[in-house]
Amino acid sequence: MEALGDRVTTFRRLHASGCFVMPNPWHVGSARALEQLGFKALATTSAGFAWTLGRADNQVTLDQALEHLRVVAEAVKVPVNADFQAGFAIDPEHVGANVKLAASTGIAGLSIEDSTGDPADPLFEIDLAVERVRAARRAIDESGVGIVLTGRSEGFVCGRPDIDETVRRLRAYAEAGADCLYAPRIDSVEHVVAIIAAVSPKPVNLLINAPFMTVEEAATLGVRRISVGGTLARTAWAGFLGAAREIADAGTFSRFERLPDVDALFRDPS
């Protein structure tokens with residue numbers, strides 16, 4: 001496996017220019033398959049991983065998440081970015097402590113988001129949110145590994161789709177030390193452009209979880225990094241559930257045709 005320092009360097013270089021796609025595997029097999037397809041970096045998905053445990057998103061423990069990061073990072077040679085949710089803590093001190101634990105798993109980057117998980121008050125108050133990002137920055141610096149810190153604002157995910165507030169938060173996270181900025185569920189050219197302009201020259205991650213934009217179009221706008229969240233995992237679940245429901249409901253097996261040779265992906269060529 002490429003040394004962690006080399007993978008961090010590679011990951012940082014990817015953020016320096018151009019646009020790259022960082023798809024999201026949900027277990028070791030999907031990570032290795034994506035690596036074989038030539039993607040230069042990967043990112044975990046909290047939702048996709050939770051589903052492998054039979055849980056909903058945000059119902060995985062810190063220890064389970066850390067072990068998942070470790071096994072995925074060890075399984076591939078390319079840099080892996082961690083969906084570290086809200087840092088598995090509220091107060092900045094504990095966020096920093098957890099970030100240090102994550103930084104020791106072999107990942108090349110991680111994100112910290114500002115969602116509380118409380119539908120009535122879904123975003124951390126901005127001063128606290130900024131301190132949480134600042135604590136993550138400090139923890140990474142103290143760890144000495146240099147991994148990429150992404151600041152995420154979740155307003156468009158949790159029912160607060162205010163582009164002005166999202167821009168304000170992302171700019172504050174950039175000033176607090178985030179290397180990359182990310183607002184999931186942004187899906188209009190105007191909003192993408194507004195975010196890029198607000199945090200430039202720092203890179204922006206764009207989530208594409210529906211066919212609203214191509215890689216080429218995103219690159220033209222100035223997007224540096226593209227991820228897909230749990231959407232690849234959902235496409236896998238769609239195939240599985242569709243076939244299983246057909247068996248349960250009709251007793252037929254029509255979906256068992258033209259299937260890939262998955263075993264060939266992982267067969268040792270020697």
Distance-only polar pair, side chains of S227 and N24, donor-acceptor under 3.5 Å | no
Side chains of I163 and E190: closer than 4.5 Å at any heavy-atom pair?
-> no
Could you go through the side-chain contact (heavy atoms from CB on, under 4.5 Å) check for T45 and D57 one step at a time?
-> CA-CA 9 Å; T45 158; D57 195 11; over 6 Å; no
Residues E35, K77: salt bridge by 4.0 Å N-O rule | no
Distance from H27 atom NE2 to H68 atom NE2, nearest 0.5 Å?
-> 9.5 Å
Taking all heavy atoms of V133 and all of L149, pick out the closest pair and write down the distance.
-> O-CD2, 3.8 Å
Thinking salt bridges, do R171 and E175 make one under a 4.0 Å N-O criterion?
-> no
Answer yes or no: does atom CD of Q36 have more than 12 heavy-atom neighbours from other residues, nucleotides or ligands under 6.0 Å?
-> yes
Euclidean distance, T44 OG1 relative to Q85 CD, rounded to 0.5 Å | 8.5 Å
Counting only heavy atoms not in L53, do more than 12 fall under 6.0 Å of its CG?
-> yes
When every non-hydrogen atom of L69 is compared with those of A102, the smallest separation belongs to CD1-CB, 4.3 Å
Residues D164 and R168 bridged, charged N to O under 4.0 Å | no
Straight-line distance of R137 CZ to Y173 OH, nearest 0.5 Å | 16.0 Å
Once the angle between the rings of F11 and F20 is folded into 0 to 90°, is it parallel (under 30°), tilted (30 to 60°) or perpendicular (over 60°)?
-> perpendicular
Would a hydrophobic clustering, with Ile, Leu, Val, Met, Phe, Trp and Tyr connected at side-chain separations under 4.5 Å, put L42 with V21?
-> yes
Any donor-acceptor pair under 3.5 Å linking the side chain of E125 with the backbone of D127?
-> yes
For V8 and G146, which heavy atoms make the closest approach, and how far apart are they?
-> CG1-O, 3.2 Å
For A103 against V145, the heavy-atom pair lying closest together | CB-CG2, 3.8 Å
Which distance, rounded to the nearest 0.5 Å, do you find between the CD of E113 and the CZ of R169?
-> 12.0 Å
Under 3.5 Å side-chain donor-acceptor pair for T214 and E216 = no
Find the distance between CD1 (I186) and CD1 (I208) and round it off to the nearest 0.5 Å.
-> 12.5 Å
Should L170 and V148 be regarded as members of a common hydrophobic cluster, given that ILVMFWY residues are connected when their side-chain heavy atoms come within less than 4.5 Å of each other, either directly or indirectly?
-> no
Please examine the side chains of P23 and L232, heavy atoms only from C-beta on, and report whether any two atoms are closer than 4.5 Å.
-> yes
Is there a side-chain contact between I226 and M213, using heavy atoms and a 4.5 Å cut-off?
-> no
Between atom CD of E217 and atom CG of L206, what is the distance when rounded to the nearest 0.5 Å?
-> 11.0 Å
Partner of S153 by side-chain hydrogen bond (donor to acceptor under 3.5 Å, both in side chains), out of D162, D114, T166 | D114
So if you build clusters from Ile, Leu, Val, Met, Phe, Trp, Tyr with side-chain heavy-atom gaps below 4.5 Å, do I107 and F88 land together?
-> yes
Is the count of non-hydrogen atoms from other residues, nucleotides or ligands lying under 6.0 Å from R70 atom CZ greater than 12?
-> yes
Closest non-hydrogen atoms of I147 and I140, given as atom of the first, atom of the second and distance, are O-CG2, 3.6 Å
If you count the non-hydrogen atoms of other residues, nucleotides and ligands that lie under 6.0 Å from CZ in F240, is the total more than 12?
-> no
